Amino acid sequence: MLRYVGLFLIATCLAWAPTASTASSPTVVEHALGSTAIHGNPARVVSLYQGATDTAVALGIEPVGVVESWTEKPMYRYLRQDLQEVTYLGLETQPDLERIAWLSPDLIVGARNRHRTIYPLLERIAPTVIPGNVYDFKALLELMAKATGRVARGDELLAQWQARVDDFRARIRRKLGDQWPQEVAILSFRADHARIYYAGFARTVLDELGFAAPADHRKEGWGIKLTSQESIPAMDAEAVFIFMEDDPAVRRTYETWSSHPLWKNLQAVRQADVYHVDPVTWNMGAGIIAANRMLDELYQHYNLEQPDHQECPQC
Amino acid sequence: MNRSLVFRSASDRWSVKLNTRVLIVTLTLAGLLVISSVLALASGSHPTSFMDVLGTLAAPARSELALIILEIRLPRVIMAILVGGALGSAGLILQGLVRNPLASPDVIGITSGASAAAVLFLWLGGVTGTSLLLAPVAMGGAFTVALCITALAWQRGISPARLVLVGVGLAAALTAVTTLLLVLSPDSTAMNAYIWLTGSLYASQWHDVTALAPWLVVCWPLALIKLRHLDAQSMGEDMARGLGSALQGHRLLFLVLAVALAGSAVAYGGAVGFIGLIAPHMARRLVTSGHTGLLPIAALIGALILLYADWIGRVAFIPRDLPAGIFVAGIGAPFFVYLLYRLRRELA
Amino acid sequence: MLTSLLARTSGTLICLGLLLVAMVSSLAFGHIPVSLDMLVTSLLDYDSGSLEHLVIRTERFSRTVTAMIVGAGLAIAGVLMQTLTRNPLASPGILGINAGAMFFVVVGATLFSLTSPSELVWAAFTGAATAAFLVYFLGQEAGRGISPVRTVLAGVAVTALFVSFAQGLLILNQDRFESILFWLAGSVSGRELDAIAPLLPGFFLALLIALLLSRQLNLLGLDDEVIRGLGLRVGQVRLLIGLVVIVLAGTSVAMAGLIGFVGLIVPHMARGIFGTDHRWLLPLSAILGATLLLAADTVARLVIPPQEIPVGVMTALLGTPLFLHLARHVRKVS
């Protein structure tokens, strides 16, 4: 059945795609919204969300079009030097469809929660793959590696990552001893509220590294927003990681909350295990490079030595 | 005295009387609509020329240009016309039904009902379920709310004043529910929902057109045929009964028509406001006629408003694509002020 | 309805009792469990080392005070508007005053980067005044002065106008959107008392003026000619009342965001119990308004801890059934 679908898709692609098709059989990629046949190795890649941009760069591709970043516009500093020649496509929420079409891409990577409605249109423009979960950067890497024909590179990156994870787990177990696994909370402050993240990119990475979470934080949903300082005890954990924007209103909120006696009463605060981390890599990057940089920060915060690891040029 | 043309069928079984001025205005507006549509098709974030557009429309080729014009821009332009037209006609029917020049689908709670249902769907079905269900869900919300309003306002019949007041109350409650959902949802859903609440035609596709069109194909002719009963009602209830209008039955029908038109429009275009309020007024400024003649004009004006608003949203802030609802409000507000000035003068 | 002085006085005492209960609940309930004797000791024998005492003194106290002020202000604004427009369904929310204030506050926050309530309140005042002006104009009907249904429709239209403009601004400034969402939904938490203190003198002045005008308000229900015959300067009184409404509603919006229905249902409740004499009606509305908002805020905290439902949502959900009941029984007005 799949073969016929694939053949049909090939025929459609051949009819529509202006780029020359190679004689080799197409790669059929299964993704969250179906399966797509891609022939040849796509050279012109369009990324419609942050994680895909990150992963493309990690795989050594310079996309022809990307969506803007949320902060550090138009693109996060850690990716900027590899994205000198890209065309920006507007915001992730409503990318500019005409520009995408005019770029004549060979592959489009989108996000399910944002681009499900425009998926049929995107499919008409170019083969489109949509990963299932925006937080699962490893699945994304595998998907994009397969779609772009850079499976070897993808495997290499994953192996590197796995080695680093194993190393980190060993070192931190040695360092913390009985206190491992440590319960950590992920917090964020905005101009008028504070947040606790139950799930998300940072949580996924921390879980993989072996960190635990307070029982209260193991709930359904992405997290909660807190408006009253009375709820500060809900944030309690053995260590907390905090990220926030560099904005005066946000800083003011943080200062108000962190000078409250309930804050000073938190276990993490008493043990001085409060770490301020980079919002870009912890919350927005959502790709393998961001994950690696997150890990760098963790090594730093826990004062662990990093082994020399073979650099991917951007990690 | 308005000149009119009368057409009779061969066997004299039916006749149609067309007011000449209505005819002229309708044709002029239709012509304006066609020209504007073609011009709108020629604008976008990717520069295309007028000749490109005409060429592609005449002879569709397989190229990026054809893709942009035929798959991205054309459905969107058509949706703007259909949604704007539906909202304009719904507003006309409601204003006639409620006998108040300030009534609109937003007032009756239709828009809020659709909005609440849509936001609820976006919140719950964030990951599961196909987004193709969003429009039917919104329609369902609109109908449910309209049903509730009718039921609550029904006391031996529908009184227009009571209808409005109940609509206002439910609208406020639904707005509260919508706000609650927005507050509790993660950022991506909240912004999606907020854009929908403002009214946006981004990424309209052919399957949206084919889903909306049947509603209009059914409702518009029905409205055209039955709207003369609305004229009878504006002369007072006793007069209307005397003229043979089945008062409550017709009121119900008009309510259903208005809800169907507005609900389907909002389901596909988002919660665009104002068009239902101002298009009928603009129509009345152009012609003096009964509701039947006003219907096509109000629909055409509504279509033009939304077409222009969407056009501006597409090209004014490239590469950002702003929701048409913002610019509808921008067009609507100055006219609204003008309207209020005129109404006051007429009333004082 | 209570008519005798004795009955009214007892009624007043009961309402004050309810207010006290609401205040105590607001101070006692929340994410951190606090027992009643702890509450008492925190007020009498304050121990700065105790967490519970701290929570009560800081967070809950400021919430309670804010809710009381905003509740009273909105209720009185509602009474005044209903008397002024002779429309039992008038309130700052329905007649667009809140929306006008909200829009101007959004403009202030996005285009002018104002953040503190004392700056935003001026934006709120301007917005409330603009909306009031528009609705007043629209609500006129030939020869009859202000028409009730027309006023409501005008209010709805004006609300739509301002809300859509505000939405447009927020979409253009998506980063501001998040930080204003909670305030838009109505919130009395986190308002530091020193931040709102500058607003209070004007607020209480307006309140006082309203109370002093009680006798004149009683007369406003009559025809204009009769009132003039009685020696009252109708135009001036109306203008003054209008200003008072704007100050009260504007301050409430600046402090707590959009909270609807309090200004609508509290006057009805108060009128139902105490009659239409404004000398009783105004103070009692204030008491009932404060009680209602306190109760709504307390419940809003208890539904999905540690998150809170915005109090504006709570009042809407509570107020809608009552509003619908009222709407059904409005006499047919053309």
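Convention: sequence-line order gives letters A, B, ...; per-chain numbering from 1. Keep in mind the model is a prediction, meaning the values are calculated, not measured.
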Discussion item. So which atom in A:A101 and which in B:E64 form the shortest heavy-atom distance, rounded to 0.1 Å?
Written reply: O-CG, 3.1 Å
Worksheet entry | Closest non-hydrogen atom pair, B:S43 against A:E98 | O-OE2, 4.4 Å
Practice prompt. Return the set of residues passing side chain to side chain contact (heavy atoms under 4.5 Å, CB included) with A:V134 (not counting sequence neighbours), or none when no residue passes.
Written response: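 By the side chain to side chain contact (heavy atoms under 4.5 Å, CB included) rule, A:V134 matches A:Y49, A:A111, A:N113.
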Worksheet item: Under a 4.5 Å cut-off applied to non-hydrogen side-chain atoms, are B:I72 and A:L121 in contact?
Response: yes
[atom1]-[atom2] distance between [X] and [Y], expressed to the nearest 0.5 angstrom:
| X | Y | atom1 | atom2 | result |
| --- | --- | --- | --- | --- |
| A:L97 | B:R314 | CG | CZ | 11.0 Å |
| A:T93 | B:I195 | OG1 | CD1 | 5.0 Å |
| B:L67 | A:I100 | CG | CD1 | 10.5 Å |

Fill in: Partners passing ring-ring contact (aromatic ring centres under 6.0 Å, His included) against A:W222 (at least two apart in sequence or in another chain)
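Only A:Y197 meet the ring-ring contact (aromatic ring centres under 6.0 Å, His included) criterion with A:W222.
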Worksheet item: If only atom types and distance count, is the side chain of B:Y202 paired as donor or acceptor with the main-chain N or O of A:P95 below 3.5 Å?
Response: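 Between the backbone of A:P95 and the side chain of B:Y202 there is a qualifying donor-acceptor contact (under 3.5 Å).
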Worksheet item: Does A:K225 use its side chain to pair, donor to acceptor, with the backbone of B:L184 at less than 3.5 Å?
Response: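 A pair under 3.5 Å: no.
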Worksheet item: Heavy-atom distance under 4.5 Å to chain A: side chain of B:S200, backbone, both or neither?
Response: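 Contact with chain A involves the side chain of B:S200 alone.
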